[in-house]
Amino acid sequence: MIDFSLTEDQLALQKRVREFAQDVVAPAAAEHDRTGKFPYEIAKIAWKEGFLNSHVEKEFGGPERGSLSACIIAEEISAACSGIGIALDANALAQGPVIIGGNDDQKKRFLQPMTEKPMFASYAVTEPDAGSDVSRISTTATKIDDNTYAINGLKWWITGGGVASWYFVLAKTENGATGFIVDADSAGIVRGPKEENLGQHASNTVRVEFQDVKVPVENRLGEEGDGFKIAMKTFDYSRPLVAAAAVGVARACLSHARLYAKKRTCFNKRIISYQGVSFKLADMAINLDAARLLTWRAAWLYDNGLPSTKESAMAKAFAADTGMKTAVEAVQVLGGYGYSMDVPMEKLMRDAKIFQIYEGTSEIQRTIIVANLLRER
Amino acid sequence: MKLKGKFRKRKNLVICPICHLELSANDVNINGLVVCPVCGAVIEIIESEGQKIPVVHNVETKRPQPLFRLHTIATHFSIGLLPVAMLAQIWLFFARASGELLGNLDLLLPMCFLFLSIVLIGGILTFATGFVDWKRKYRGRNYEIITRKIRWSIVLFILLSFAIFLFWIELFGWSFLTQIFALGVIAKIGHLGGFLVFGK
Ligand SMILES: Cc1cc2nc3c(=O)[nH]c(=O)nc-3n(C[C@H](O)[C@H](O)[C@H](O)COP(=O)(O)OP(=O)(O)OC[C@H]3O[C@@H](n4cnc5c(N)ncnc54)[C@H](O)[C@@H]3O)c2cc1C
Ligand SMILES: [Zn+2]
C-alpha cells in the first residue's frame with residue numbers, strides 16, 4: 001500500500017513548526033545572515049517548543065520522533081532560514097552516533113542533558129586532508145592507560161563547533177577508526193574562530209584542535225574499529241534531514257518566485273504570463289515535489305528499519321541539486337531584485353550551495369548510489 | 001505565535017530595495033501598496049514563507065517639495081540653541097559655585113530662560129512645519145517612522161515645557177537634568193528624521 005499523506009500528529013507538528021518558522025525564524029534570517037550571530041535566542045524557543053533532539057529516545061527525555069517527523073521540522077525551519085535550521089540541526093548529526101552506537105550510560109550522560117536544557121553538540125569527522133575520503137583521517141586516539149585515551153589532531157569545518165558542549169570525534173586507534181564522545185571543556189581543546197562562508201551565516205563553523213585531550217574509555221562508542229561504521233550509519237538518518245532542509249530552501253525559492261512573478265509587470269503583462277518565466281516555475285515545482293518524495297521515502301525506510309543508504313544518498317543528492325538549481329532560477333525570476341541584498345532572495349542562493357557539499361558532496365552521493373547499484377543483482 | 005519585542009518588530013520589517021529605508025508592513029494603504037517616503041517607490045509587499053518581498057510597481061516622481069525648508073530650519077535652529085542654553089547654565093553654575101564673577105549673572109539668567117523659550121517655540125514650529133510637509137510631500141500617508149517621530153515630539157514638548165517651568169521656579173538643577181533628557185529625545189527624533197532624508 002502506498003500512502004502519501006501525513007498522519008494527524010505529523011500535520012499538527014508541521015503546523016506548529018511552520019508558525020514558529022515564519023513568525024520567529026524568517027524575520028530574523030536577514031539579521032543573522034548579515035551579522036553571523038549564532039541564533040541562541042531562537043534555539044531556546046525551538047528547544048522549549050520541543051523541536052530539537054527529535055531522535056532522542058523517550059527513556060532519555062527525548063520525543064523519540066521518527067525520521068520523517070524530523071524531516072518535516074527541518075523543511076519548515078529551513079524554508080524560513082536554512083542557516084538557522086542547520087545551526088539547530090547540527091545537534092541531530094552529533095547525536096546520531098550516540099543514538100546508533102552508544103550505550104545507555106553514554107546516552108544518559110550526553111543525550112539526556114540536551115533534553116533538560118538547550119545545549120549544542122557537534123559531529124567532528126572532517127579534517128583538512130580528509131573530507132570526502134574519511135578513511136584518510138589522521139587524528140589519533142592513543143591509549144595511555146587502561147582507562148584513558150589521548151586524542152591528537154585537527155578537525156575542520158565543524159558545524160556548531162564553537163558552541164558545542166561535546167563532540168563526536170572520529171579518531172584512529174590501533175584497531176582502526178573509532179568514535180569518541182569528547183567533552184568540550186576537556187583540557188587541550190582549542191576552538192578556532194568562526195569561518196567566513198558563502199552562506200548559512202547563522203551556522204557556526206569552526207576548526208577544533210585536539211592537543212593531548214584525555215578521554216575516558218567510557219566515552220568510546222562501541223569497540224575500537226567500530227567508528228567508521230557508526231559515522232557512516234549516522235548518514236542514513238542525517239542525510240534525509242539535510243535533504244529536507246534543501247527541500248525547504250527550494251520551497252522558499254519557488255514560493256518567492258511564484259508570488260513575485262504574479263505581481264511584477266513587464267511589457268504590460270505580469271511576468272508569469274511569459275512562458276520563459278512560467279516554465280521555470282513549473283520545473284521548480286516538479287523538482288521540489290520529486291525531492292520531497294525522495295526525502296520522505298528515505299526517511300520512511302529508515303523509520304521502518306529497512307536499508308536506506310542508497311535512498312538517503314539519492315534524496316540528499318537530488319534535494320541538494322534541486323535546492324541549488326531552484327535558487328539560481330528563482331533569482332533569475334526576480335531579476336535585479338533577486339540580486340539585491342535587501343530582498344530575501346540572493347541569500348537563498350548563497351545558502352543553497354552548501355547542501356551540495358556537506359554531509360557528503362553531490363559527487364560522493366553518486367558514488368554511494370553507484371556502489372549500491374553494482375551490488376544489486 | 002505570540003511575539004514580543006524585537007521579534008514582533010522584525011516581523012513587519014520591509015526594506016525599500018531602492019533607497020534601503022526600513023519600512024513597516026503596516027504602512028500599506030488601502031490598495032495594498034506602500035509608497036516609500038524617501039525615494040517614492042510604489043511597492044507591493046508580498047508575504048512568502050514568513051518573508052516580506054517587495055515588488056516595485058512604479059516610482060512616484062514630482063512630489064511637492066517642502067515650503068522654503070522651514071521644517072529643517074526650525075529644527076536645526078532649536079537643536080543648536082538648546083546646547084548653547086545648557087552651556088550658559090553650566091557657566092552660571094560654576095560662576096555661582098566659585099563666587100567669582102565670570103560674567104554678568106543678572107543678564108545670563110534671563111538669557112538662558114529666553115533661549116529655552118525659543119527652543120520650545122522652535123520645537124512647536126518644527127512640529128507644525130513637519131505636519132505641513134507630511135500633508136504635502138508625503139500626502140498624509142501613514143508611516144510608522146513618522147508616527148514614531150510624532151510620538152517622540154510630544155515627549156519632547158512635555159520635557160521642554162517642564163524644563164522651562166522648573167527653570168522659572170528656580171529649580172535649576174532639575175531643569176538642567178530635564179534638558180539633558182530633552183537633548184536625548186532630540187537626538188532620537190533627528191535620527192529618525194535622518195532616515196527620511198537619506199534612507200538607510
Ligand atoms: C559549512 C560546512 C560545514 C561542515 N560541517 C561539518 C561537520 O559538522 N562535521 C564534519 O565532520 N564535516 C563538516 N563539513 C565538511 C564537509 O563534510 C566536507 O567539506 C565535505 O565532505 C567535502 O570534503 P572536502 O571539503 O575535503 O572536499 P574534497 O573531499 O577534497 O573534495 C573536493 C571535490 O572532489 C570531489 N570528489 C572527491 N572524491 C571524489 C570521487 N571519488 N569521485 C568524484 N568526485 C570526488 C568532491 O565531490 C569535491 O567536489 C562541513 C563543511 C562545510 C563547508
Ligand atoms: Zn525607498
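Computed over heavy atoms, backbone and side chain alike; hydrogens, waters and symmetry mates excluded. In what follows, chains carry the letters A, B, and so on, assigned in the order in which the sequence lines appear, proteins first and then strands, with residues in each chain numbered from 1.
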**Student:** Among B:Ile18, B:Val14, B:Val55, single out the residue with the greatest number of heavy-atom pairs under 4.5 Å to chain A.
**Tutor:**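 Ranked by heavy-atom pairs under 4.5 Å with chain A, first place is B:Val55.
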**Student:** What residues, two or more places apart in sequence or in another chain, satisfy side chain to side chain contact (heavy atoms under 4.5 Å, CB included) together with B:Ile186?
**Tutor:** B:Ile79, B:Leu82, B:Leu156
**Student:** Report which part of A:Ala29 has an atom under 4.5 Å of a heavy atom belonging to chain B: side chain, backbone, both, or neither.
**Tutor:**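 Contact with chain B: side chain only.
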**Student:** Looking at A:Ala30, A:Gly248, A:Ala28, which makes the most heavy-atom pairs under 4.5 Å with chain B?
**Tutor:**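 Of the candidates given, the most pairs with chain B belong to A:Ala28.
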**Student:** Run the side-chain contact (heavy atoms from CB on, under 4.5 Å) check on A:Phe318 and A:Thr295 step by step: do they pass?
**Tutor:** CA-CA 9 Å; A:Phe318 191 77; A:Thr295 302; over 6 Å; no
**Student:** Considering residues, nucleotides and ligands other than B:Phe113, do more than 12 of their heavy atoms fall under 6.0 Å from its CZ?
**Tutor:** yes
**Student:** Applying side-chain contact (heavy atoms from CB on, under 4.5 Å) to B:Phe167 and B:Leu109, what does each step give before you reach the verdict?
**Tutor:** CA-CA 9 Å; B:Phe167 200 89; B:Leu109 210 58; 4.2 Å; yes
**Student:** A:Phe38 and A:Phe120: aromatic ring centres closer than 6.0 Å?
**Tutor:**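 Yes, the ring centres sit under 6.0 Å apart.
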**Student:** With 3.5 angstrom as the limit, list the donor-acceptor pairs from chain A to chain B, or say none if there aren't any.
**Tutor:**
unit_1: A:Glu19; atom_1: OE2; unit_2: B:Met1; atom_2: N; d: 2.9
unit_1: A:Gln22; atom_1: NE2; unit_2: B:Glu49; atom_2: OE1; d: 3.2
unit_1: A:Asp23; atom_1: OD1; unit_2: B:Lys11; atom_2: NZ; d: 3.2
unit_1: A:Asp23; atom_1: OD2; unit_2: B:Met1; atom_2: N; d: 3.1
unit_1: A:Glu31; atom_1: OE1; unit_2: B:Arg10; atom_2: NH1; d: 2.8
unit_1: A:Glu41; atom_1: OE1; unit_2: B:Lys6; atom_2: NZ; d: 2.8
unit_1: A:Ala80; atom_1: O; unit_2: B:Gln51; atom_2: NE2; d: 3.3
unit_1: A:Arg251; atom_1: NE; unit_2: B:Glu49; atom_2: OE2; d: 2.8
unit_1: A:Arg251; atom_1: NH2; unit_2: B:Glu49; atom_2: OE1; d: 2.9
unit_1: A:Ser255; atom_1: OG; unit_2: B:Ser48; atom_2: OG; d: 2.5
unit_1: A:His256; atom_1: N; unit_2: B:Ser48; atom_2: OG; d: 3.2
unit_1: A:His256; atom_1: ND1; unit_2: B:Ser48; atom_2: OG; d: 2.5
unit_1: A:Lys263; atom_1: NZ; unit_2: B:Glu44; atom_2: OE2; d: 2.9
unit_1: A:Arg264; atom_1: NH1; unit_2: B:Val56; atom_2: O; d: 2.7
unit_1: A:Asp342; atom_1: OD2; unit_2: B:His20; atom_2: ND1; d: 2.3

**Student:** Between A:Phe51 and A:Phe20, does the ring centre distance come in under 6.0 Å?
**Tutor:**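 Yes, close enough.
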**Student:** Not counting sequence neighbours, list each pair that qualifies as a ring-ring contact (aromatic ring centres under 6.0 Å, His included) and has a residue in residues 267-292 of chain A.
**Tutor:** none
**Student:** Quick one: side chain to side chain contact (heavy atoms under 4.5 Å, CB included) partners of B:Ala88, sequence neighbours excluded?
**Tutor:** B:Met111, B:Cys112
**Student:** Against chain A, label B:Ile46 side chain, backbone, both or neither, depending on which of its atoms sit under 4.5 Å from a heavy atom there.
**Tutor:** side chain
